[in-house]
Peer 1: 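Take a look at the following structure, please.
The figures here come from the full heavy-atom set of this structure, side chains too, leaving out hydrogens, waters and symmetry mates. Positions are given from 1, in the same order as the sequence printed here. Every value quoted in this text rests on a predicted model; they were computed, and no experiment measured them.
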Amino acid sequence: MHNTDLDDVYAYGLSRALIKVAPPATVGLFSNCPGRPETVLNKIETCMKREAVSRDEKHKGPSPGNILSLLLSLVFLRPVWSEEEEQRRKRVRWMFVRFSAWHYAGSDKLWAGLVIRLFKHIQKHLGEIPLSVYRASQHPYPKKIERGSQPSWKLRKFLFLPLWTAVLLAVVMSVGASIVLYRSTFQMKDKSMKDKSMLTWTTLLVSAIGGLGLPTMAGLRFFLNIFKNHFYSQSSKIMKQINSTTVSDQLGFMNKVRKEVAVLVNYIHFMEVFEQRKVRVVLEITNLDHCSPDRVIQTLEAINILLVGESVPFVCILAVDPRVIVKCLENSSLSQASGYKFLNQIVTLPVTLHELCGKSKCLAFKRLANSHLEVLAVELSGLAHTDSRVQKNEGVKTITWEALDCISDENEPLHTYLSGNSVHMRRIINAVRVSVIIMDAVSNDNAPASDIAAWVVLANNWPCRLSWILQCVEGWKKRADMDETLEEMKPSKLLWEVFTESSQELQKPSSFLKCLLEQDRGPELFERFLKVHFKFTVRDVARFKPCTVNLDISIKKEFARLRENEQRNITTKLQMGHIGNMCTEDI
């Protein structure tokens with residue numbers, strides 16, 4: 001267990017739960033690390049597909065038949081669902097539908113995009129033509145479980161006759177009518193035909209046309225419905241209704257979509273009887289927390305309305321950051337309830353992906369670093385051996401490897417400042433690579449790889465606090481250049497001391513400052529980083545300034561603007577003699 005990736009454990013545990021859970025169910029896969037839920041979802045699919053194959057081998061059942069037997073069953077048979085048969089089915093077929101809400105974020109009806117994605121995926125895996133035949137023939141037969149032992153199929157009837165018998169009679173009548181018509185054409189050519197014979201053949205001709213017309217019209221109507229349902233599918237219907245303002249604005253639009261979902265559900269139940277196994281649809285919704293609050297509300301409500309009901313074979317997995325979703329729910333004009341209360345009413349199985357342990361984070365970081373550095377290795381291998389850049393690039397490659405090793409080494413303190421977020425790790429890896437190249441090109445100071453790695457991590461984890469320190473150092477230098485009586489800041493002064501001396505200005509109640517500081521990680525980690533593990537000084541600011549590529553310079557400019565405004569206000573109060581109105585911090 002200690003050598004197993006934590007995400008593998010989550011995926012296995014959740015897959016076992018989903019196999020046992022009774023649909024419909026909505027699972028909340030909660031994590032604040034972008035990209036990690038999708039990794040877990042991929043592993044869940046692998047586990048559940050492996051379980052499905054294992055059940056097929058263990059509980060072997062009758063072959064469901066080919067496409068012809070399916071089409072004949074759709075036309076002439078009606079499925080029967082019994083309690084005993086439901087309990088005996090051990091085999092299962094999983095269909096996974098991945099829906100990235102971000103791809104449909106620009107649509108006014110995000111939830112309709114979800115339903116369209118669902119329809120298209122099921123049509124692809126269960127067959128478009130069988131679904132069209134089902135809509136033309138089996139639409140009036142929803143699932144209804146009967147008690148006791150029952151046969152799996154019942155014959156469909158027409159006028160108290162089995163449907164296949166009625167079709168056979170219609171075919172015989174059509175063939176007979178065709179023969180009569182064929183022979184009558186030759187009799188009509190006989191010019192010497194008597195009036196009585198003419199009347200007889202005319203009567204037969206009318207009867208033949210009537211006998212041929214009825215079954216022909218019925219068959220033609222049936223096949224026209226099939227072609228209509230095939231070329232004008234459920235997804236195209238919904239898309240047309242979305243694009244039509246006269247329909248999409250109506251309150252009954254959701255009800256129409258719900259009826260289409262019901263047809264799809266009944267078709268899935270038909271396939272359960274035909275294949276003699278359970279069919280489950282797992283709808284995986286990702287990136288919903290990247291959408292606007294109103295669209296989040298609409299999508300969650302659509303899940304609660306469309307994908308929930310009696311005998312609905314859907315399992316919905318919401319892979320989201322719960323903090324973002326709750327904030328969207330509370331800020332939306334469509335929601336009147338508490339964000340957590342609304343989410344708890346929808347989610348029936350919450351699963352939170354906790355922070356990765358140190359070893360797991362190091363392994364994940366190494367995998368990402370190796371995949372990124374393969375490009376560098378290819379570039380180096382393509383250079384000529386006589387090129388003077390080879391030796392220099394080899395040195396850059398070595399320093400880059402050393403810097404990344406310092407971050408992923410469990411015996412070094414730097415790995416404790418890693419986040420389990422894959423995006424966070426990729427930002428550090430990319431920034432380290434660029435920083436080493438720039439440092440090698442513009443600086444004569446051969447900084448240790450560990451210092452470069454630590455500076456990159458500092459800028460990535462605390463961009464606002466580091467920008468504040470850089471602005472304070474830069475502001476002090478400018479004032480020292482203008483005022484000869486002011487001593488310059490000592491190069492050996494610790495950056496932590498610079499921060500503590502000026503941190504009171506960051507404590508002012510300002511929504512703008514609060515918004516900026518939300519980008520940083522915990523202040524306790526920041527204190528431990530600069531005070532205990534990496535004691536950077538003022539000298540290091542000038543040393544690493546050229547290679548600080550992963551720090552947004554606009555943050556430092558905003559801090560400079562705020563400090564200038566504050567100084568201007570204080571100067572104005574002094575000039576106007578309003579010292580009594582000044583606070584302690586101003587004085």
Peer 1: Run the numbers on Val457 and Asn461 for side chain to side chain contact (heavy atoms under 4.5 Å, CB included), then give the verdict.
Peer 2: CA-CA 6 Å; Val457 172; Asn461 286 358; 3.6 Å; yes
Peer 1: Looking only at atom types and distance, does a side-chain atom of Ser15 sit under 3.5 Å from a main-chain N or O of Ala11, one as donor and one as acceptor?
Peer 2: yes
Peer 1: I'd like to know whether Asp294 forms a side chain to side chain donor-acceptor pair (under 3.5 Å) with Ser292, so could you lay out the CA-CA distance, the side-chain angles of the two residues, the decisive distance to 0.1 Å, and finally the verdict.
Peer 2: CA-CA 6 Å; Asp294 290 347; Ser292 62; over 6 Å; no
Peer 1: Are Glu558 and Arg561 close enough that some pair of their side-chain heavy atoms sits under 4.5 Å apart?
Peer 2: yes
Peer 1: Where do Lys361 and Thr416 come nearest, in terms of heavy atoms and distance?
Peer 2: NZ-O, 4.3 Å
Peer 1: Return yes when atom CZ of Arg427 has more than 12 non-hydrogen atoms of other residues, nucleotides or ligands closer than 6.0 Å, and no otherwise.
Peer 2: no
Peer 1: Would you confirm whether Asp321, through its side chain, and Asp289, through its main-chain N or O, come within 3.5 Å as a donor-acceptor pair?
Peer 2: no
Peer 1: Could you measure the distance from the CZ atom of Arg277 to the CZ atom of Arg93? Nearest 0.5 Å is fine.
Peer 2: 5.5 Å
Peer 1: Looking at Trp462, Phe529, Trp468, Phe526, which one forms a ring-ring contact (aromatic ring centres under 6.0 Å, His included) with Phe499?
Peer 2: Phe526
Peer 1: Please check: side-chain N/O of Asn344 versus main-chain N/O of Tyr340, any donor-acceptor pairing under 3.5 Å?
Peer 2: yes
Peer 1: Can you tell me how far OG1 of Thr26 sits from CD1 of Ile346, rounded to the nearest 0.5 angstrom?
Peer 2: 7.5 Å
Peer 1: In terms of relative ring orientation, are Tyr267 and Tyr134 parallel, tilted or perpendicular, with 30° and 60° separating the classes?
Peer 2: tilted
Peer 1: Can you name the one residue among Val282, Leu283, Leu118, Leu126 that meets side-chain contact (heavy atoms from CB on, under 4.5 Å) with Met95?
Peer 2: Leu126
Peer 1: Ignoring hydrogens and angles, tell me if any N or O in the side chain of Tyr10 forms a donor-acceptor pair with the backbone of His354 under 3.5 Å.
Peer 2: yes
Peer 1: Would you say the side-chain atoms of Asn550 pair up with the backbone N or O of Val456, donor to acceptor, closer than 3.5 Å?
Peer 2: yes
Peer 1: Using the salt bridge (Lys or Arg N to Asp or Glu O under 4.0 Å) rule, take Arg91 and Glu272 through it: C-alpha gap first, then chi angles, then the decisive distance, then the call.
Peer 2: CA-CA 10 Å; Arg91 299 187 302 159; Glu272 286 183 327; over 6 Å; no
Peer 1: If I compare all heavy atoms of Leu404 with all of Ala369, which pair ends up nearest, and what's the gap?
Peer 2: CD1-CB, 4.0 Å
Peer 1: Got a second to check how far Lys557's NZ is from Asp552's CG, nearest 0.5 Å?
Peer 2: 9.5 Å
Peer 1: Is the side chain of Arg521 donor-acceptor paired with the backbone N or O of Tyr417 at a distance under 3.5 Å, no angle test?
Peer 2: yes
Peer 1: Do the side chains of Phe30 and Val320 get nearer than 4.5 Å, heavy atoms only?
Peer 2: yes
Peer 1: Ignoring hydrogens and geometry, is there a side-chain-to-backbone donor-acceptor pair from Asn370 to Lys366 under 3.5 Å?
Peer 2: yes
